[in-house]
Engineer: 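The structure's right below; bear with me while I get my questions together.
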Amino acid sequence: MTNVNSNDVTFNDILQYEIIKKTYQNIITKLNSRNLKSLKEGLRELLNFVRDIKNNILDKRLRRMIQYQQKLAKRLLLIINIRYVIFFIYKVLVNTLVSRLYESIRTLLEEVSNVIRY
C-alpha cells in the first residue's frame, strides 16, 4: 500500500483500496445471505482473498486483523461443514435418552404392579 517510510498516498494505493473495499462489500453481501450455499461461498471467497493479501501487508495491526478474520472464517466454515455430524449426534443422544427413560418408566410400573399383586 503506502510507502513504510512515508505517509504519501499514491494513486496505486487508492486503486488498491477501492479493489479491497469492493471485494469486502461483495463478501459481506454473501455473508448476510440466509442461503447456506451463498454463505459458504462468501467464506471461501474471504479465505482466498485474505490468503492472497496477507503476505503483502506490512502493518502489523492490519496483519493481525486479517489473521483474525481468517481464523473466524475457518471456524465458521468448519462448523457449517460438520453441522450434520452434530445434528446426527444430537439425534442419537436424544433417542438413546428417551429409550432409557421409557425403559425406566416401564420397569418402575412393572415393579409397582408386582408389589400391588402380592
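We use all heavy atoms of the structure for the numbers below, so side chains are in, but hydrogens, waters and symmetry mates are not.
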Engineer: Return yes if some donor-acceptor pair links the side-chain N/O of Thr96 with the main-chain N/O of Val92 below 3.5 Å, else return no.
Structural biologist: yes

Engineer: To the nearest 0.5 Å, what is the distance between CG on Asn35 and NZ on Lys30?
Structural biologist: 11.5 Å

Engineer: Measure the spacing between OG1 of Thr29 and OH of Tyr24 and express it to the nearest 0.5 Å.
Structural biologist: 14.0 Å

Engineer: Decide side-chain contact (heavy atoms from CB on, under 4.5 Å) for Leu97 and Leu101; before the verdict, give the C-alpha distance in whole Å, the side-chain angles of both, and the deciding distance to 0.1 Å.
Structural biologist: CA-CA 6 Å; Leu97 290 173; Leu101 183 59; over 6 Å; no

Engineer: Taking the side chain as every heavy atom from C-beta outward, state whether Glu103 and Arg100 have any atom pair closer than 4.5 Å.
Structural biologist: no

Engineer: Should the pair Glu110-Arg106 be classified as a salt bridge under the 4.0 Å nitrogen-to-oxygen rule?
Structural biologist: yes

Engineer: Which residue is it: Glu45, Arg44, Glu41? I am looking for the one with a side chain to side chain contact (heavy atoms under 4.5 Å, CB included) to Ile27.
Structural biologist: Glu45

Engineer: Give the cluster check for Met65 versus Ile53: same hydrophobic cluster or not, with ILVMFWY residues linked at side-chain heavy-atom distances below 4.5 Å.
Structural biologist: yes

Engineer: Taking Arg63 for its side chain and Leu58 for its backbone only, find out whether a donor-acceptor pair lies under 3.5 Å.
Structural biologist: no

Engineer: Go through the steps for Leu36 and Leu39 under the test side-chain contact (heavy atoms from CB on, under 4.5 Å), then give the verdict.
Structural biologist: CA-CA 5 Å; Leu36 193 59; Leu39 176 62; 4.2 Å; yes

Engineer: Among the clusters formed by ILVMFWY side chains lying less than 4.5 Å apart, do Ile19 and Leu46 turn up in the same one?
Structural biologist: no

Engineer: Roughly how far, to the nearest 0.5 Å, is CD1 of Ile28 from CG of Asn32?
Structural biologist: 7.5 Å

Engineer: Identify each donor-acceptor pair in which a side-chain atom of residues 74-88 lies under 3.5 Å from a protein atom, sequence neighbours left out, and give them as a table.
Structural biologist:
unit_1: Asn81; atom_1: OD1; unit_2: Lys40; atom_2: NZ; d: 3.1
unit_1: Asn81; atom_1: ND2; unit_2: Leu77; atom_2: O; d: 3.2
unit_1: Arg83; atom_1: NH1; unit_2: Ile80; atom_2: O; d: 2.5

Engineer: To the nearest 0.5 Å, tell me how far Thr23 OG1 sits from Glu18 CD.
Structural biologist: 10.5 Å

Engineer: Indicate the atoms forming the closest heavy-atom contact of Asn56 with Asp52, along with that distance.
Structural biologist: ND2-O, 3.6 Å

Engineer: Please round to the nearest 0.5 Å and tell me the distance separating atom CG of Asp59 and atom CZ of Arg64.
Structural biologist: 8.0 Å

Engineer: Atom CD in Gln70, atom CG in Leu72: separation rounded to 0.5 Å?
Structural biologist: 10.5 Å

Engineer: Specify the closest pair of heavy atoms between Leu31 and Gly42, including all atoms of both residues, with the distance to one decimal.
Structural biologist: CD2-C, 4.2 Å

